[in-house]
Amino acid sequence: DLVREGIDCVVRAGHPRDSSLVVKRLAAMPEVVCASPSYLRYFGTPQHPDELQAHQAVGFFASDRDIPYPFEFTIEGQAREYTVGGWVSVNDAECYTTCALQGAGLIQVPRFRVEDHLRSGRLVQVLADWPSPPLPVSVLYPHHRQLSPRVKAFIDWVSGVYEDRFGPLA
């Protein structure tokens with residue numbers, strides 16, 4: 001609760017749920033589905049999202065709600081969700097990647113988080129022909145009649161940081 005806790009603004013990935021806040025989109029981060037070579041040797045490489053039911057995924061959940069995030073793909077212009085079973089779930093991005101590196105299952109993650117692992121071969125991208133919708137990143141702040149100069153300066157700065165890294169928003 002930004003207002004109650006006296007927080008000026010916050011940067012969040014995903015689709016904001018709190019409609020009482022002002023939302024300014026910063027970026028749309030490309031996502032990939034990947035797994036370790038050892039996982040793929042054992043379970044095989046899915047060729048279509050419909051094959052995910054035969055696979056294991058590392059679960060990811062938000063600490064403030066008890067629901068897992070499904071894998072998402074754009075198929076024939078439509079976003080489709082796939083729930084993939086698995087034996088481990090985490091709520092931390094570093095743990096999520098570490099689990100994949102250790103062969104615990106497939107993950108769907110912003111590409112920038114795993115670029116080095118993909119380049120080195122520690123992780124392998126799968127289902128590249130079935131794009132994942134980009135993950136939105138936004139800055140959120142409470143409604144005020146006038147935005148403070150320091151918050152406006154931060155929003156201008158962080159907007160530039162995200163644009164430099166991920167390109168301008170469409």
Side-chain angles (χ1 to χ4, degrees), residues 1-2 10-19 21 23 25-140 158 161-167 169-170:
D1 184 348
L2 298 178
V10 65
V11 175
R12 290 198 177 135
H15 300 281
R17 295 185 312 269
D18 189 344
S19 63
L21 299 173
V23 177
R25 183 70 41 92
L26 298 172
M29 296 187 297
E31 290 201 295
V32 296
V33 176
C34 54
S36 70
S38 63
Y39 172 87
L40 297 173
R41 276 192 301 277
Y42 188 80
F43 286 95
T45 301
Q47 301 301 311
H48 188 280
D50 289 344
E51 296 176 12
L52 289 173
Q53 62 195 3
H55 283 270
Q56 298 287 305
V58 177
F60 193 88
F61 63 94
S63 57
D64 63 340
R65 56 186 192 153
D66 191 24
I67 61 169
Y69 287 96
F71 283 18
E72 293 181 80
F73 297 92
T74 303
I75 299 175
E76 298 175 2
Q78 300 291 326
R80 287 193 39 202
E81 294 183 350
Y82 292 82
T83 302
V84 185
W87 59 273
V88 63
S89 291
V90 298
N91 68 350
D92 175 83
E94 291 299 322
C95 290
Y96 192 57
T97 301
T98 299
C99 287
L101 288 164
Q102 297 302 313
L106 298 160
I107 61 172
Q108 185 174 45
V109 64
R111 182 175 192 86
F112 85 92
R113 293 200 55 77
V114 294
E115 280 175 332
D116 290 342
H117 299 304
L118 293 169
R119 216 175 355 266
S120 71
R122 291 185 303 264
L123 290 175
V124 178
Q125 182 177 356
V126 300
L127 301 171
D129 292 337
W130 310 98
S132 302
L135 183 65
V137 179
S138 306
V139 64
L140 290 79
V158 79
V161 168
Y162 276 90
E163 183 172 332
D164 288 349
R165 178 64 172 96
F166 298 105
L169 287 170

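By convention here, the first residue in the shown sequence is residue 1.
- Relative orientation of the Y96 and F60 rings is perpendicular, given thresholds of 30° and 60° on the angle between their planes.
- Going from atom CZ of R80 over to atom CG of D50 covers 5.5 Å, rounded to the nearest 0.5 Å.
- Nearest heavy atom pair, residue A54 against residue F43, reads O-CD2, 4.3 Å.
- Rounding to the nearest 0.5 Å gives a distance of 11.0 Å between CG of L135 and CZ of R113.
- Distance check, rounded to the nearest 0.5 Å: CG of D92 to CZ of F61 gives 10.0 Å.
- Counting only heavy atoms from C-beta outward, the side chains of P16 and L21 never approach each other to under 4.5 Å.
- In this structure a side-chain-to-backbone donor-acceptor pair under 3.5 Å is missing from W130 to E72.
- A heavy-atom distance below 4.5 Å is not found between the side chains of M29 and P134.
- In this structure, S132 OG and R111 CZ are separated by 11.0 Å, a value rounded to the nearest 0.5 Å.
- Using a 30° and 60° split on the angle between ring planes, Y39 and H55 fall in the tilted class, from 30° to 60°.
- Of all the heavy atoms in T74 and P133, the pair that sits closest is OG1-CG, 3.8 Å.
- At least one side-chain heavy atom of P136 sits less than 4.5 Å from a side-chain heavy atom of H15.
- For A35 against G105, the heavy-atom pair with the smallest separation is CB-O, 4.1 Å.
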F71 vs L106, side chain to side chain contact (heavy atoms under 4.5 Å, CB included): CA-CA, chis, key distance, verdict: CA-CA 10 Å; F71 283 18; L106 298 160; 3.9 Å; yes
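- Here the shortest heavy-atom pairing between Q125 and L118 reads N-CD2, 3.6 Å.
- For F112, the CZ atom is densely surrounded, since the number of other residues' heavy atoms within 6.0 Å is greater than 12.
- Atom CG in L101 sits 7.0 Å away from atom CD1 in I107 (nearest 0.5 Å).
- Across all their heavy atoms, V88 and A104 have their closest contact at CG1-CB, 4.0 Å.
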Stepwise side chain to side chain contact (heavy atoms under 4.5 Å, CB included) check, Q108 with L127: CA-CA 11 Å; Q108 185 174 45; L127 301 171; over 6 Å; no
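- Summarising the geometry of V124 relative to P37, their closest heavy-atom pair is CG2-CG, 4.0 Å, with the distance given to 0.1 Å.
- With a 4.5 Å cut-off on side-chain heavy atoms, L52 and F73 count as touching.
- Going from atom OH of Y82 over to atom CD of E51 covers 10.5 Å, rounded to the nearest 0.5 Å.
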